[in-house]
Amino acid sequence: MAVVNPTDTERASARATVDIAGTAWPVYKLEALFAGVVVCLMLALITGSVQVAVLGAATVAALRWLLAMTRH
């Protein structure tokens, strides 16, 4: 049987967070979302192809998210 003690609040690493609607979001997630939006808009303007823009933005956002998550 597992016992959970909510008073033990040790954190593995202190991450910078931003409070959005009562939920703490790590900053790296917001950075990944912002990078994805910027890349999507830039590629849409440069290439004129929405498909390329979405795929490129998803790749950049996922890489930023994973790199920051593994670093912390």
Side-chain angles (χ1 to χ4, degrees):
M1 181 164 123
V3 177
V4 177
N5 188 355
T7 59
D8 293 338
T9 57
E10 291 183 33
R11 296 178 71 164
S13 63
R15 293 183 179 162
T17 60
V18 176
D19 187 40
I20 298 177
T23 303
W25 277 58
V27 173
Y28 73 88
K29 288 183 180 183
L30 296 174
E31 290 172 349
L33 290 173
F34 181 73
V37 169
V38 169
V39 169
C40 185
L41 292 175
M42 286 176 45
L43 285 176
L45 289 173
I46 293 170
T47 64
S49 171
V50 177
Q51 293 88 349
V52 171
V54 169
L55 287 174
T59 302
V60 168
L63 287 175
R64 172 65 181 113
W65 190 310
L66 290 173
L67 287 173
M69 191 172 63
T70 58
R71 206 177 335 151
H72 291 289

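Of all non-hydrogen atoms in T23 and D19, the two that sit nearest each other are N-OD1, 3.2 Å. Closest approach of G36 and A57 over heavy atoms only: O-CB, 3.1 Å. Annotation for T17 and V27: closest pair N-CG2, 4.1 Å, computed over non-hydrogen atoms. Across every non-hydrogen atom of P26 and A24, the tightest pair is CD-O, 3.9 Å.
For the pair V38/F34, a side-chain contact is recorded, criterion being any heavy-atom separation below 4.5 Å from C-beta on.
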Would you mind writing out the side-chain donor-acceptor pairs for residues 40-51 within the sub-3.5 Å range, not counting sequence neighbours?
unit_1, atom_1, unit_2, atom_2, d
T47, OG1, L43, O, 2.6
T47, OG1, S49, N, 3.2
S49, OG, Q51, OE1, 3.3
S49, OG, V52, N, 3.4

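Taken together through direct or relayed side-chain contacts under 4.5 Å among Ile, Leu, Val, Met, Phe, Trp and Tyr, L63 and W65 form parts of separate hydrophobic clusters.
Applying the salt bridge (Lys or Arg N to Asp or Glu O under 4.0 Å) test to every pair with at least one member in residues 28-54, sequence neighbours left out, gives these pairs: E31-R64.
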